[in-house]
Peer 1: 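Provided herewith is a single structure, encoded as structure tokens, for subsequent inquiry.
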There are 2 protein chains.
Amino acid sequence: MAVSLPARKATARGRRTPRASGDERERAILATAERLLEERPLSAISVEDLARGAGISRPTFYFYFPSKDAVVLTLVERTVAESDANREEALAKLAADPRAGWRHGLRASFEAFGSRRGVVLAAAELRTTNAEARELWAGAMEDWVTDVSSIIEAERARGAAPPGLPARELAIALLQMNERVQHMALAGEAPALAEDRVLDVLVDVWVRAIYGAVAAD
Amino acid sequence: MAVSLPARKATARGRRTPRASGDERERAILATAERLLEERPLSAISVEDLARGAGISRPTFYFYFPSKDAVVLTLVERTVAESDANREEALAKLAADPRAGWRHGLRASFEAFGSRRGVVLAAAELRTTNAEARELWAGAMEDWVTDVSSIIEAERARGAAPPGLPARELAIALLQMNERVQHMALAGEAPALAEDRVLDVLVDVWVRAIYGAVAAD
DNA sequence: GACTCTATCAACACACTGTCGAGTTGGTCA
DNA sequence: TGACCAACTCGACAGTGTGTTGATAGAGTC
């Protein structure tokens with residue numbers, strides 16, 4: 001009763017007990033979910049579908065995950081973590097050329113999400129009904145807001161950007177714009193930007209909102 | 001076979017046949033839906049709940065509406081129409097003071113939605129699973145995008161705004177920002193702007209994005 | 001060879017949705 | 001007035017999904 005028990009927690013959502021081989025089953029379920037989510041929305045995927053895809057019966061599915069939501073949450077956690085990793089590194093490079101700096105940072109985040117279309121759309125769907133998904137997303141957003149706010153403040157402090165809205169409020173508005181614009185582009189829904197225009201358009205709005213001087217008018 | 005049959009279509013979603021008294025029932029169902037949506041999310045409301053609230057049995061509900069979604073769609077249609085009405089009138093007044101003009105226009109739209117919190121949140125929830133809801137929303141968005149684009153172009157033509165991104169792309173990004181920011185504020189979700197800050201912040205970003213000169217940098 | 005722990009599934013209990021058919025009721029007109 | 005029709009109502013059913021329970025098979029100790 002000593003080995004391999006501690007240091008788990010991110011996987012609390014996974015199978016009831018650690019150890020043992022049936023570990024491929026867990027991976028098979030996740031892989032099935034990821035595959036099916038590229039084809040159809042979360043609401044059109046049942047536990048039965050996930051179980052069949054992984055070659056097990058529906059009750060057996062519940063041995064590995066407590067619900068369909070838990071599977072998706074695991075997938076979303078991964079994607080968020082991946083995007084976070086990119087973000088970390090993309091911070092410092094602003095000083096020289098602000099536009100290029102922001103562009104680089106935003107691209108990193110778009111690429112992390114753009115390459116996981118199914119998971120991202122499922123996350124949005126989940127957030128409407130699942131509190132845990134909302135909290136997970138809220139946590140990630142909060143981190144981004146904090147980072148972006150402090151960069152904006154730094155840019156103002158060094159005189160590169162003029163004073164303006166409270167940095168946090170500006171950061172929230174810009175990040176929520178990014179979220180929605182990218183979502184609509186990925187979903188291909190209605191009035192949406194073409195995927196290859198998203199970055200150019202958003203960077204332009206960011207730069208004008210942060211560095212543009214318009215004052216009272 | 002002559003009276004009152006034509007000119008219906010917006011209510012195609014309503015009860016099977018026109019005429020007759022049980023018209024209050026239809027209204028009772030809509031009122032119940034609107035009331036319950038202020039209390040809890042759409043996903044936590046069943047057809048049974050709507051029927052009981054209107055004082056009828058579940059099968060009888062289906063005499064008036066083909067589904068729970070249809071009820072919400074009717075509510076959303078109304079709200080969208082109401083906001084459209086406001087928008088129409090709020091257009092012309094830009095020339096003198098752009099900031100005040102945009103502010104006025106955005107406020108009209110925010111107020112229409114802000115006063116129907118439950119319906120707006122339900123609409124967002126519905127859009128994730130219901131194609132008809134997506135199309136309804138897409139249509140409204142498209143109208144706004146068209147209007148905003150042509151105003152931006154007019155402002156550029158008269159020399160008030162500098163050239164920049166294609167007007168349509170800019171309009172899409174800004175409108176989607178508004179949508180998301182207001183949604184989060186109404187939902188009170190995670191990093192959100194305070195409701196009484198939404199207008200100030202968004203107007204500032206709009207004005208900088210449309211009128212701000214930043215150029216290459 | 002008794003014991004234990006992982007892993008598996010048939011069968012069940014629920015919660016919803018949507019439908020069918022058998023009513024009831026109020027107005028119309030022969 | 002009484003036969004008829006359309007609006008309206010609901011009990012009972014069928015279908016689909018979720019999550020649980022209990023019994024069981026197998027692999028690895030000791």
Side-chain angles (χ1 to χ4, degrees), chain A residues 1-5 8 11 13-30 32-33 36 40-73 122 125-126 129-133, chain B residues 1-5 8 11 13-30 32-33 36 40-73 122 125-126 128-130 132-133:
Chain A
M1 50 139 81
V3 200
S4 81
L5 280 182
R8 299 202 118 199
T11 319
R13 201 150 20 249
R15 126 167 122 279
R16 263 92 119 170
T17 120
R19 84 164 78 176
S21 79
D23 193 62
E24 293 124 44
R25 288 286 149 89
E26 189 172 323
R27 264 182 275 123
I29 292 171
L30 290 166
T32 301
L36 294 182
R40 49 185 201 267
L42 179 57
S43 57
I45 297 172
S46 69
V47 171
E48 175 80 45
D49 295 333
L50 296 179
R52 247 208 306 273
I56 55 180
S57 71
R58 205 168 52 80
T60 299
F61 166 93
Y62 288 101
F63 180 81
Y64 292 97
F65 290 95
S67 68
K68 181 176 78 173
D69 286 8
V71 176
V72 178
L73 235 13
E125 212 175 324
L126 242 207
T129 54
N130 182 303
E132 207 175 341
Chain B
M1 48 142 81
V3 199
S4 82
L5 281 182
R8 300 203 119 198
T11 320
R13 212 165 354 265
R15 126 169 121 281
R16 264 93 116 168
T17 120
R19 84 165 78 179
S21 80
D23 194 63
E24 292 124 43
R25 288 284 150 87
E26 188 172 323
R27 262 181 276 124
I29 292 171
L30 289 166
T32 301
L36 293 182
R40 48 183 203 269
L42 180 57
S43 57
I45 296 171
S46 69
V47 171
E48 176 80 45
D49 294 332
L50 296 180
R52 247 207 307 274
I56 55 180
S57 72
R58 207 168 52 79
T60 299
F61 166 93
Y62 289 101
F63 180 81
Y64 293 98
F65 289 94
S67 67
K68 181 176 78 172
D69 286 8
V71 175
V72 178
L73 234 15
E125 210 175 327
L126 243 206
T128 68
T129 54
N130 182 302
E132 207 175 341

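Just so it is clear: chains get the letters A, B, ... in the order the sequence lines come, proteins before strands, and each one is counted from 1. The structure presented is a predicted model; accordingly, all values stated were derived computationally and were not measured.
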Peer 1: Check the interface with nucleotides 14-17 of chain C: list each N/O to N/O pair with the protein under 3.5 Å, or write none.
Peer 2:
from, atom 1, to, atom 2, distance (Å)
C:dT17, OP1, B:Val47, N, 3.3
C:dT17, OP2, B:Val47, N, 3.4
C:dT17, O4, B:Arg58, NH2, 3.4

Peer 1: Could you tell me how far apart B:Phe61 (CZ) and D:dG11 (C1') are, to the nearest whole angstrom?
Peer 2: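 That distance rounds to 18 Å.
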Peer 1: Identify, with sequence neighbours excluded, every residue that meets side chain to side chain contact (heavy atoms under 4.5 Å, CB included) alongside A:Pro59.
Peer 2: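 Partners of A:Pro59 under the side chain to side chain contact (heavy atoms under 4.5 Å, CB included) test: A:Ser57.
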Peer 1: Not counting sequence neighbours, which residues clear side chain to side chain donor-acceptor pair (under 3.5 Å) with A:Arg52? List them please.
Peer 2: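 For A:Arg52, the residues satisfying side chain to side chain donor-acceptor pair (under 3.5 Å) (neighbours in sequence not counted) are A:Glu48.
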Peer 1: Quick one: side chain to side chain contact (heavy atoms under 4.5 Å, CB included) partners of A:Arg40, sequence neighbours excluded?
Peer 2: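 With sequence neighbours excluded, A:Arg40 shows a side chain to side chain contact (heavy atoms under 4.5 Å, CB included) to A:Leu36, A:Ala44, A:Ile45, A:Asp49, given in chain and number order.
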Peer 1: Identify each atom pair where a protein N or O and an N or O of nucleotides 22-26 of chain C are less than 3.5 Å apart, giving names and distance.
Peer 2:
none

Peer 1: Expressed as a whole number of angstroms, how long is the span from A:Phe65:CZ to D:dG19:P?
Peer 2: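 Checked: the CZ to P distance equals 14 Å.
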Peer 1: Can you find a heavy atom in the side chain of B:Val47 that is under 4.5 Å from one in the side chain of B:Tyr62?
Peer 2: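 Yes, side chains in contact.
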Peer 1: Considering residues at least two apart in sequence or located in another chain, which fulfil the side chain to side chain contact (heavy atoms under 4.5 Å, CB included) criterion with B:Ala28?
Peer 2: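 Counting only residues at least two positions away or on another chain, B:Ala28 forms a side chain to side chain contact (heavy atoms under 4.5 Å, CB included) with B:Ala54.
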Peer 1: Atom OH of A:Tyr64 to atom C1' of C:dC9: distance rounded to whole Å?
Peer 2: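 It is 12 Å, rounded to the nearest whole Å.
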Peer 1: Minimum heavy-atom separation for A:Ala122 and A:Val72, please, with both atom names.
Peer 2: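 Looking at all heavy atoms of both residues, the closest pair is CB-CG1, 4.0 Å.
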Peer 1: Provide, to the nearest angstrom, the distance between the CZ atom belonging to B:Phe63 and the P atom belonging to D:dA7.
Peer 2: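 Rounding to the nearest Å, CZ of B:Phe63 and P of D:dA7 are 7 Å apart.
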Peer 1: Give the rounded distance in Å between these two atoms: CZ of A:Arg52 and P of C:dT8.
Peer 2: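 In whole Å, C:dT8 P lies 17 Å from A:Arg52 CZ.
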Peer 1: Apply the test side-chain contact (heavy atoms from CB on, under 4.5 Å) to residues B:Thr128 and A:Leu42: give CA-CA distance (whole Å), side-chain angles for both, the deciding distance (0.1 Å), then the verdict.
Peer 2: CA-CA 10 Å; B:Thr128 68; A:Leu42 179 57; over 6 Å; no
Peer 1: Can you tell me how far P of D:dG17 sits from CG of A:Asp69, to the nearest Å?
Peer 2: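 That distance rounds to 16 Å.
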Peer 1: Between A:Phe61 and A:Val71, is any pair of side-chain heavy atoms under 4.5 Å apart?
Peer 2: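 In contact.
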Peer 1: Looking at D:dC8, I'd like to know if its phosphate oxygens (OP1 or OP2) sit under 4.0 Å from a side-chain N or O belonging to B:Thr60.
Peer 2: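 For D:dC8, OP1/OP2 do not have a side-chain N/O of B:Thr60 under 4.0 Å.
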Peer 1: Measure from the side chain of B:Pro59, starting at C-beta and using heavy atoms only, and say which of C:dA10, C:dT19, D:dT9 lies closest.
Peer 2: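 Per side-chain heavy atoms of B:Pro59, the pick is C:dT19.
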Peer 1: Apply side-chain contact (heavy atoms from CB on, under 4.5 Å) to B:Asp69 and B:Glu132, showing your working.
Peer 2: CA-CA 9 Å; B:Asp69 286 8; B:Glu132 207 175 341; over 6 Å; no
Peer 1: Quick one: is D:dC10 close enough that its OP1 or OP2 comes under 4.0 Å of any side-chain N or O from B:Ser57?
Peer 2: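 Indeed, a polar side-chain atom of B:Ser57 lies that close.
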